[in-house]
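Structure first, then comments.
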Amino acid sequence: MKQPRILIIYTGGTIGMIEDPVTKTLAPFDFTHLMENVPKVKMLDYHIDNISFNPPIDSSDMNIFHWQEMARTIDINYDKYDGFVVLHGTDTMAYTSSALSFMLEGLMKPVIITGSQLPIGEVRTDGEENLITALQIAAARDASDGGPMVREVAILFENYLWRGCRASKRSADNFNAFVSNNYPRLAHIGLGIDFNVEALARPMTGKKLCVQYNLDRSITIIDLFPGLCETTLRHLLHTPGIKGVVMRTYGAGNAPTAPWFLDAVRDAIDRGIVILNVTQCVDGSVRANRYVSGDMLTAAGVLSGYDMTLEAATTKMMVLFGRGTATRDVVVNLSRPICGEMTVL
Ligand code: ASP
């Protein structure tokens with residue numbers, strides 16, 4: 001067995017933070033500090049290299065340029081390593097895992113994103129276990145064909161490995177901070193790492209990594225609530241330069257049936273704006289034709305995002321508009337799964 005070669009990309013986040021002795025706030029710190037606190041990594045017989053963001057960031061500062069930097073690092077080093085571990089803050093981790101899932105077309109190697117709720121220097125930290133497990137997952141091989149066990153972007157956190165474009169942060173306190181309500185776990189981590197082989201992506205062999213670097217930020221999110229009024233809705237739908245809207249609707253994809261609402265939506269679609277419907281519910285799918293209210297949205301030209309997370313829907317739109325193709329191509333690709341991000345009903 002050859003020694004696994006893993007590249008760690010350290011972006012920041014709580015895992016590498018230390019407490020300011022005066023203000024008591026946590027701020028990102030360098031990679032050397034992080035590794036000094038995990039001497040056990042040396043017990044893994046792996047060849048491990050690292051690349052750090054300079055400076056490391058709190059993930060609430062994450063933006064598309066950071067995603068491009070991560071994707072470029074993976075692209076440049078793709079042939080030199082068996083797998084990649086990205087250390088990242090939890091706050092926007094699910095956006096990053098979704099963005100990378102869409103950007104890294106043809107990915108055949110593991111990109112495992114992890115972080116922690118408590119800094120690595122704290123006695124009860126979850127960071128040490130998460131880092132070591134992420135490295136082991138990135139190095140794992142599938143005995144059936146000798147290839148990598150994971151061939152996609154995934155989030156490893158505490159007891160679970162989730163598909164990157166299916167996960168969301170669900171707890172600010174719990175060590176099990178991430179969930180994927182509409183797609184099964186890729187692995188359960190207990191005494192061992194128990195992979196859920198049926199759920200793991202098995203892309204067609206022979207594909208080459210082709211990174212889509214361009215992302216278009218001309219999109220927004222509209223969250224419905226019973227007090228939303230026409231002025232606000234029209235204002236949002238007239239945001240200068242806007243090309244796409246992720247609309248977070250009620251239940252199975254429902255929205256007000258009031259004429260002012262549907263008129264504003266129709267007007268936006270007539271102006272070429274693409275509107276994608278995802279549900280505010282934490283699990284389940286948009287079933288656009290189940291109720292009159294959902295049916296009216298479909299008739300107005302709103303697309304179903306089925307069971308996509310908000311993180312997947314927004315990043316998918318950014319990547320598709322980033323291709324610079326005609327709006328009708330964006331519409332076609334929004335309606336079909338690209339990397340296992342949704343289940344079409
Ligand atoms: N604010 C931190 C971050 O996202 C939280 C964390 O890492 O858990 O960078």
Side-chain angles (χ1 to χ4, degrees), residues 8-38 41 50-71 73 84-101 103 111-135 137-138 153-162 164-180 189 215 217 221 282 309-312 314-315 318:
I8 299 179
I9 304 170
Y10 173 53
T11 70
T14 298
I15 191 164
M17 291 188 184
I18 55 171
E19 195 179 88
D20 183 301
V22 182
T23 62
K24 302 286 177 212
T25 52
L26 290 172
F29 209 65
D30 67 21
F31 189 75
T32 324
H33 149 81
L34 199 149
M35 291 315 272
E36 275 166 3
N37 280 282
V38 207
V41 166
N50 67 82
I51 289 183
S52 282
F53 269 21
N54 187 16
I57 60 165
D58 183 304
S59 80
S60 32
D61 278 322
M62 193 58 61
N63 60 44
I64 64 163
F65 305 108
H66 296 119
W67 293 338
Q68 289 165 341
E69 192 177 332
M70 285 178 228
T73 305
F84 302 85
V85 169
V86 179
L87 299 180
H88 195 292
T90 57
D91 289 345
T92 58
M93 188 182 284
Y95 283 95
T96 295
S97 60
S98 297
L100 290 180
S101 301
M103 291 169 80
V111 175
I112 312 299
I113 311 185
T114 195
S116 67
Q117 294 281 49
L118 284 175
I120 202 102
E122 287 203 15
V123 191
R124 290 178 50 250
T125 187
D126 49 331
E128 178 177 37
E129 201 179 303
N130 284 348
L131 172 56
I132 290 174
T133 310
L135 288 165
I137 290 173
V153 180
I155 288 184
L156 175 273
F157 224 85
E158 190 72 3
N159 294 117
Y160 302 102
L161 181 74
W162 303 112
C165 54
R166 287 284 198 162
S168 296
K169 182 174 178 180
R170 277 292 169 266
S171 176
D173 294 322
N174 286 341
F175 285 152
N176 270 312
F178 287 83
V179 288
S180 165
I189 290 87
L215 288 103
R217 289 180 291 176
I221 298 166
V282 291
T309 61
L310 177 66
E311 296 88 337
T314 49
T315 54
M318 284 193 258

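As the structure lists them, so they are numbered: ligands from 1, and atoms in each ligand from 1.
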Will you find, in the side chains of [X] and [Y], an N or O donor that is under 3.5 Å from an N or O acceptor?
{"X": "Thr14", "Y": "Gln117", "result": "no"}
{"X": "Asp30", "Y": "His33", "result": "no"}
{"X": "Thr96", "Y": "His88", "result": "yes"}

Does Ser116 have a non-hydrogen atom less than 4.0 Å from ligand 1?
yes
Least distance between heavy atoms, Asn176 atom then Ser171 atom:
O-CB, 4.4 Å
Which pair of non-hydrogen atoms, one from Gly127 and one from Ile120, has the smallest distance, and what is that distance?
C-CD1, 3.4 Å
Distance filter under 4.0 Å to Gly13 heavy atoms, resulting ligand 1 atoms:
7 (O), 9 (O)
Which ligand 1 atoms does Thr14 reach within 4.0 Å, using its non-hydrogen atoms?
2 (C), 5 (C), 6 (C), 7 (O), 8 (O)
Just heavy atoms, cut-off under 4.0 Å: does Pro28 contact ligand 1 by side chain, backbone, both, or neither?
neither
Considering heavy atoms of the protein only, find what lies nearest to [atom] and give residue, atom and distance to 0.1 Å.
{"atom": "atom 8 (O) of ligand 1", "result": "Thr90 OG1, 2.4 Å"}
{"atom": "atom 4 (O) of ligand 1", "result": "Ser59 OG, 2.5 Å"}
{"atom": "atom 1 (N) of ligand 1", "result": "Asp91 OD2, 2.8 Å"}

Side-chain (Ser116) to main-chain (Asp126) donor-acceptor, under 3.5 angstrom:
no
Any N or O on His88 sitting closer than 3.5 Å to an N or O of ligand 1?
no
